[in-house]
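One structure below.
Note that the structure is predicted; figures quoted are calculated from it, not measured. So that the names make sense, note that chain A is the first sequence line, chain B the second, and so on, each numbered from 1.
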2 protein chains.
Amino acid sequence: MAPTIKEIAARAHVSIATVSRVINKDPRVTKETRAHILNIAEKLEYRPNILARNFAQKKSNLIGLILPEISDEYFTEVIKGVDEIAFSQNLYTVVASSHKYKSLKDEVVTFIRNGLLSGLILLVSYLDDELSSILSKSHLPVVIINSNSKNKKFDRIGIDDYYGSFSMTTHLIKKKHYDFLSHITGPLDNDDAGLRKDGFIDACKKYGVKYVIEKGDFSQEGGFNACKKLMNLKSRPQVIFAANDMMAIGCYDYLKQNKLEIPSDIGVVGFDDIFVSQYLNPPLTTVHVNIEEVGKRAAELLLNKIQGSNNIPVSVVHIPTELILRESC
Amino acid sequence: MAPTIKEIAARAHVSIATVSRVINKDPRVTKETRAHILNIAEKLEYRPNILARNFAQKKSNLIGLILPEISDEYFTEVIKGVDEIAFSQNLYTVVASSHKYKSLKDEVVTFIRNGLLSGLILLVSYLDDELSSILSKSHLPVVIINSNSKNKKFDRIGIDDYYGSFSMTTHLIKKKHYDFLSHITGPLDNDDAGLRKDGFIDACKKYGVKYVIEKGDFSQEGGFNACKKLMNLKSRPQVIFAANDMMAIGCYDYLKQNKLEIPSDIGVVGFDDIFVSQYLNPPLTTVHVNIEEVGKRAAELLLNKIQGSNNIPVSVVHIPTELILRESC
DNA sequence: CTGTTAGCGCTTTCAG
DNA sequence: CTGAAAGCGCTAACAG
């Protein structure tokens with residue numbers, strides 16, 4: 001049997017309270033008794049029972065990370081970032097991705113109600129009122145990864161989608177001298193997609209160039225289909241700005257199938273800078289997002305909330321983006 | 001305050017034991033009392049306190065998934081597979097990747113000793129005796145993801161590296177008629193790397209073709225450097241079989257820099273079939289491995305151990321591989 | 001079928 | 001500075 005504080009206490013001829021204090025680095029113990037107890041604990045290879053501790057303290061050493069279905073790469077980077085920060089503070093990360101048989105909302109509710117977690121990081125494409133109210137009612141520290149600035153109730157970490165998209169579009173117009181652009185959007189209810197679209201449109205309007213918008217869904221297939229529609233227009237745009245790289249890849253697929261050359265026949269650019277983008281033929285010009293940083297900052301924010309007093313003001317972090325110029329436009 | 005079984009019991013005029021039985025679907029309760037209790041529980045929005053339950057039962061609803069540093073894509077796929085199966089059984093997945101300040105061994109020990117987890121899935125490139133004995137001493141259900149068949153003590157799930165490599169090499173020799181091949185290995189202490197190397201060598205020997213081995217490390221840079229050495233040989237091999245796709249990408253980088261054409265100047269093939277491989281120029285011929293399946297099977301094996309009696313014989317699952325023929329050789 | 005009771009291992013007042 | 005004791009919410013014998 002694994003030793004308990006009771007056993008340590010018996011062998012050290014002290015009370016369990018004192019042992020507990022030593023284990024928890026409570027200063028109100030003399031050096032001598034501390035050393036003595038530590039010595040015995042060491043000998044017995046004592047390790048606190050986390051389950052008991054969590055129960056007694058009514059809090060766990062676990063934080064939850066809930067991810068909706070999302071592109072694989074994004075997924076990994078966020079997990080890595082969160083885990084790195086959490087682990088360094090002796091917290092463990094419980095991941096859950098959305099599953100067919102359970103909605104995101106149910107999953108969140110389950111996690112909140114069962115009291116397993118001490119904090120929650122939630123990656124959502126869109127935060128509706130119901131979810132928002134569920135979250136505020138639970139008094140669990142929560143950090144949202146979402147780029148919509150309307151959301152003011154929670155600590156939030158977002159991507160600078162608007163600016164990234166605006167810069168890319170400006171680059172296309174001012175540096176590449178395109179004057180008829182197109183944009184393939186992400187899903188309409190996705191906040192990142194919305195901001196990217198807005199940035200594109202605003203830049204086009206600012207410089208008075210012609211543009212066309214095609215609806216996509218962030219998937220490779222969606223990009224393929226949108227590209228097809230765009231190429232079948234009576235007057236074709238000169239360049240396609242896909243709202244993410246996966247859709248840009250879909251465009252590459254369609255264009256290759258139809259023997260259209262990038263960038264001579266048409267330019268293609270993306271957003272995200274996923275790993276594959278640099279290896280495409282031609283390498284994809286895109287907007288880089290440091291996703292691991294998103295995860296790290298989210299975890300940091302959460303730890304502040306968990307450890308700090310609970311009247312810290314809501315904070316918002318924006319992860320900057322960066323234009324990556326390659327050869328696809 | 002969240003309601004407890006005590007409160008439910010009081011309102012229902014029954015004992016807490018009866019409430020507990022109802023919550024745990026113990027059949028020894030009459031329909032009527034069951035309905036009555038359920039009704040009250042519902043009204044109070046009762047949710048069992050998992051922390052208390054875990055503590056009382058001395059087991060948690062958590063399984064651990066420990067991953068060493070590894071290529072991102074591999075990482076994600078395994079997590080997805082494990083989580084999908086675990087979640088369907090109401091178990092949560094705690095992920096931990098190796099960290100600078102903590103060795104894999106320390107991490108495993110921490111997890112085992114603190115009693116947080118009910119089971120552990122361990123992805124290791126090489127299982128040494130020390131780790132092995134730590135694992136057997138803990139009576140925690142463990143499943144290892146590792147391809148070395150010498151390991152007979154644990155449930156294990158491995159990749160059919162040897163066969164995949166042997167097939168690929170055979171294809172290179174018999175179908176593509178190369179008669180001077182080269183292989184860039186992974187790290188020497190990695191079991192998958194070892195098996196891939198063995199498969200390569202055995203096939204070369206079987207057909208009596210000339211070959212050369214260069215040491216790599218599974219990284220893109222390692223592939224680049226190994227490729228360079230190979231290309232500087234007085235007599236150059238006709239094809240490079242990199243032990244994974246990342247190194248094949250490193251080869252692509254080197255060859256492109258040196259204006260060498262694939263496959264006309266030299267063929268390149270890989271192993272893993274990561275996402276990017278199909279988009280390389282030219283698309284990479286490689287050996288496909290279904291990593292998500294690895295994760296799923298690992299989770300299934302673990303759940304069997306956790307739920308089943310503990311005298312289930314050790315089982316070993318091999319995930320098959322598949323040749324993916326594209327245009328790089 | 002239902003109730004009583006004794007903990008699980010640890011934290012945390014409250015005394016001393 | 002240290003000890004005694006209560007109790008976190010639930011499970012699991014054991015009685016009845």
Starting the side chain at C-beta, find the nucleotide from [options] nearest to [X].
| X | options | value |
| --- | --- | --- |
| B:Thr33 | C:dT2, D:dT2, D:dT11 | C:dT2 |
| B:Asn49 | D:dC10, D:dA4, D:dT2 | D:dC10 |
| B:Arg21 | C:dG3, D:dC8, D:dA5 | C:dG3 |

Counting only side-chain nitrogens and oxygens, does [X] get under 4.0 Å of the OP1 or OP2 atom of [N]?
| X | N | value |
| --- | --- | --- |
| B:Thr4 | D:dC8 | no |
| A:Tyr46 | C:dG9 | no |
| B:Ser20 | D:dG9 | no |
| A:Thr18 | D:dT2 | no |
| A:Arg53 | C:dT11 | yes |
| B:Lys58 | D:dC10 | no |
| A:Ser15 | D:dG3 | yes |

Report summary line: So salt bridge (charged side-chain N to carboxylate O under 4.0 Å, His left out) across residues 22-31 of chain A, not counting sequence neighbours, yields A:Asp26-A:Arg28
Looking across every strand, which nucleic acid part, if any, lies under 4.0 Å from [X] by heavy atom: base, sugar-phosphate, or nothing?
| X | answer |
| --- | --- |
| B:Asn24 | sugar-phosphate |
| A:Thr30 | sugar-phosphate |
| A:Ile23 | nothing |
| A:Leu51 | nothing |
| B:Arg28 | base |

Grab the [atom1]-[atom2] distance between [X] and [N] for me, whole Å please.
| X | N | atom1 | atom2 | result |
| --- | --- | --- | --- | --- |
| B:Ile5 | C:dT2 | CD1 | P | 16 Å |
| B:Arg47 | D:dG9 | CZ | C1' | 16 Å |
| A:Ile50 | C:dG9 | CD1 | P | 15 Å |
| A:Lys59 | D:dC8 | NZ | C1' | 15 Å |
| B:Ile8 | D:dC10 | CD1 | C1' | 13 Å |
| A:Lys6 | D:dG3 | NZ | P | 16 Å |
| B:Leu116 | C:dC10 | CG | P | 14 Å |
| A:Ile16 | D:dG7 | CD1 | P | 14 Å |

Query raised in the report: Would the number of heavy atoms belonging to other residues, nucleotides or ligands and lying under 6.0 Å from CG of B:Asp189 be above 12?
Result: yes
Query raised in the report: Can you find a pair of side-chain heavy atoms, one from A:Leu127 and one from A:Asn148, that are under 4.5 Å apart?
Result: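 Side-chain contact under 4.5 Å: no.
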Report task. May I ask you to decide if the ring planes of A:Phe55 and B:Phe55 are parallel, tilted or perpendicular, using 30° and 60° as cut-offs? Result ->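 Geometry flag for B:Phe55 against A:Phe55: parallel rings.
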Query raised in the report: How close do B:Ile63 and B:Leu117 get, heavy atom to heavy atom, and via which atoms?
Result: C-CD2, 4.0 Å
Query raised in the report: Roughly how far, to the nearest 0.5 Å, is CG of B:Asn290 from CD of B:Glu77?
Result: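 Going from the CD atom of B:Glu77 to the CG atom of B:Asn290 covers 8.0 Å.
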Requested in this report: Output yes if the stacking criterion (under 5.5 Å between centres, under 30° between planes) is met for A:Phe55 over the base of D:dC8, else no.
Outcome: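 Whether judged by distance or by angle, A:Phe55 passes, so it stacks on the base of D:dC8.
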